[in-house]
Amino acid sequence: MKRLIVSLLGIFVALTIRANEGMWLPFLLENNIGEMSEMGLHLTAEDIYSINQSCLKDAVVGFVDLDRPFHHFCSGSVISAQGLVITNHHCGLDVVQQHSSLQNDYITNGFWAMNQSDELGGNKIGVCFLRRMEDVTAQVLDGVNDTMPSDKRSILISNNISKIEQAASTDSTLKAHVDAFYCSNEYYLSVYEIFEDIRLVGAPPISIGKFGGDTDNWVWPRHTGDFTIFRIYADSLNRPAPYSIENVPYRASNYLKINAKEKHENDFVMLMGYPGTTNEYLPSFAVEATQDVFDPIVVEIRGKSIDIIKERMRNDQSVMIKYTSKVASLANAWKKLQGERNGLKNKHVVDQKREREKQMLAWIAESDERKQLYDNLLDDYEADYIEYVKHNRAWLLMSETIYKSEALTVCRKIKTLINENMEDSLRRAQILDYLNEFYADYDSETDISVTQMLINEYLANAQPEHVPATLKKWNNTASFAAAYHKSMFTTPSTAISFFEKHSVVNEKTLLKDPLYKLASETNDIYNTKISKPLSQIQRKNNHHQRRFMQLQRECFADKRFFPDANSTFRVTYGQIRGFRPSDAVVYGPFTTLGGVMEKCDMDIYDYTVPDRLKQLFAANDFGTYCNADGTMPVGFITTCHTTGGNSGSPIFDADGNLIGLNFDRVWEGTMSDLQFDADICRNIGLDIRYALFIIDKYAGAQRLIDEMEIIGN
Ligand code: ARG
Ligand code: ASP
């Protein structure tokens, strides 16, 4: 008996010591594959990433805006031979919104293309496939030495990078990008194929796709059916091509098989995709500033904007359509940063980091060589960081106030276009395109209240030398309101007809517009007094951080370091696992449709449930997608290390089959962007069976199910 207990304890310890921290590079997986196998993976490193054979990475995509092809705002998976791609509802929401109107409200009602010809194109997003990745550090740092001034260093590096990118983009369909890793100590090249004709195929109603809304965002237990389906289209030769009716569904070189079997706690899982940004290797004082200075600014100001916009949305359905996606993005960071602060504080991350810094100082003191390299590093870094906090605070304040006002944003954009060197007719066309798009989602009544509040916040918190002259004059609400109404930019028809009538516009005329004038003054302040000193100090910071990263890797040589997320392809792995968020509270790893019905409240927008879903639930009509006990799965949590950009990432079982879509993290653990804590950091996935059930039973889009390869119960 004793032996049994001891061995059970052994298993328990083995299960729990896995930290699962890390976002690993796909082409360097040999370093992890042993551990992954021990944890339950049945695949080889080559099955996951290979440039010689078809592998899992070929079925994973990054979502991009076509004008920012290397910034992957979400991830997704190819799930059929005809280029069907599944990602999150919140990743596709902008596209759904662009096709929606009061008459065809796909946000509220959902959208299902029952035939291929109904699939909606003309979207501004693309998806990329990673074709290969390689270490190009030596080429990038060619000619660089540690003693050269930092501006010379960066020019040399960016020239070297351009050469490498050009050389790797020989084929017109391939786009190459070099990114910095380990705080610019290393550089890797990624080569992508980017498809530009991505059509909307299916999206559940928002009451499923965003069930729980912003109330449940970042929260476990979660019951959101956060998925949307697109299809990649290609030219007749299966190559990327801009949107055209001639294009045909992409013939995928690899697609994921779907495992619709029941899952269990502690099952091995693996996840791939494009995590955006993390800062895992900052010193204690930088974490402290994030926690006590930067995060509170964002939380406070966004909270106020959200309250104003939500009030308007509740009273006006057209505002609801126009602002759903905008408020979601404001609210997302607002809530996340509150969780981040709490986590950092509760886990005493600043103290932990201080402790490690002490160890580093002791390590440095052990040899003259180390002293020569690192002796004053932390002190110098901290001294410069104090300056940085001052400048970054000013920058953040402006970005979160004046730069968030819609009316002032439109003025700034017009100013940029007016001052750009281009032919007048092209300029006019670009201005009109921009205005039409901008005003489609603009409500002046909402914006005036938000802008007024933002300006007040700015005035109350900014340093006097950062306040534009015009603002100093608007000493009361009435003068702000008068200026707002007088501006042509707050009445869409006036602004549009002005630029329709005038093909050549002198900026002097525009400067008579009160909001344009304010935007212009703000720009000057921003350029000369805020962003310039900030980038100077930022350069110093980057230099210190690069060396601090080096110091950490050398001092803790036994630790396996993963590079911070930077929107490049990564692999993470872990297990399905519940957690204890706080004293006496235990969270299980799975949620079910019964939980949707428990939360259902038809008087609260975030918790309304469509009748059809209620009927299916009441009839236990779950097809083959439910658990053995008859419950219908919805969400699950795992110990994978993820961040923003990982939304839509496929979650794989031990055989590389698709079992879920990542879409969030638990609020208690959002500190994982600065420090992963195995006790409380969990990512939230949508059980793929819930998506299948909605597509099949709720929407009746059988043709999509028929395209997929499903391994059933
Ligand atoms: N928190 C998730 C992410 O960072 C999901 C956001 C969308 N969902 C929502 N309810 N707002 O993007
Ligand atoms: N929801 C995030 C995303 O959109 C994922 C996360 O931050 O955990 O990528």
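FYI, the numbering just counts along the sequence from 1. Order of listing sets the numbers, starting from 1, for every ligand and every atom in it. Not measured: the values here are computed from a predicted model.
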Any atom of ligand 2 sitting under 4.0 Å from a heavy atom of H90?
yes
Would you say W218 and ligand 2 have an N/O pair spaced under 3.5 Å apart?
no
Is there a nitrogen or oxygen of F73 sitting under 3.5 Å from a nitrogen or oxygen of ligand 2?
no
Distance under 6.0 Å and angle within 45° of the ring axis: does K614 meet both against F617?
no
Polar atom proximity, N662 to ligand 2 (N or O, under 3.5 Å):
no
Determine, step by step, whether D197 and R199 satisfy the salt bridge (charged side-chain N to carboxylate O under 4.0 Å, His left out) criterion, reporting the C-alpha distance in whole Å, the side-chain angles of both residues, the deciding distance to 0.1 Å, and the verdict.
CA-CA 6 Å; D197 185 355; R199 304 195 193 168; 2.7 Å; yes
Measure N332 to ligand 2 on non-hydrogen atoms and call it side chain, backbone, both or neither using the 4.0 Å cut-off.
neither
Quick check on contacts: which atoms of ligand 1 are under 4.0 angstrom from a heavy atom of G213?
10 (N)
Would you confirm whether the ring centroid of F129 sits within less than 6.0 angstrom of the ring centroid of Y250?
yes
Any N or O of G645 closer than 3.5 Å to N or O of ligand 2
yes
Could you identify the single nearest non-hydrogen protein atom to atom 4 (O) of ligand 1 and state the distance to 0.1 Å?
N332 ND2, 2.9 Å
Looking only at distances, please establish whether an N/O atom of ligand 2 is found under 3.5 Å from an N/O atom of T642.
no
One finds that the ligand 2 atoms under 4.0 Å from a non-hydrogen atom of G644 are 2 (C), 3 (C), 5 (C), 6 (C), 7 (O), 9 (O)
heavy-atom search around atom 5 (C) of ligand 1 in the protein gives N217 OD1, 3.4 Å
Just checking Y607 against F211, ring centres under 6.0 Å apart?
yes
Quick check on the 6.0 Å ring-centre criterion: do Y106 and H99 meet it?
no
Verdict with supporting geometry, D673 and K336, salt bridge (charged side-chain N to carboxylate O under 4.0 Å, His left out)
CA-CA 10 Å; D673 285 348; K336 179 196 138 180; 2.4 Å; yes
Counting neighbours of CZ on R68 that are heavy atoms of other residues, nucleotides or ligands and sit closer than 6.0 Å, is the number greater than 12?
no
Please could you name the atoms of ligand 1 that F663 approaches to less than 4.0 Å, counting only its heavy atoms?
2 (C), 5 (C)
Under 4.0 Å from ligand 1, counting heavy atoms only, is it the side chain of K210, its backbone, both or neither?
side chain
Are Y49 and F569 close enough that their ring centers fall under 6.0 Å?
no
Is there a side-chain hydrogen bond (donor to acceptor under 3.5 Å, both in side chains) between H223 and K599? Walk through the geometry before answering.
CA-CA 9 Å; H223 297 87; K599 283 181 178 172; 2.9 Å; yes
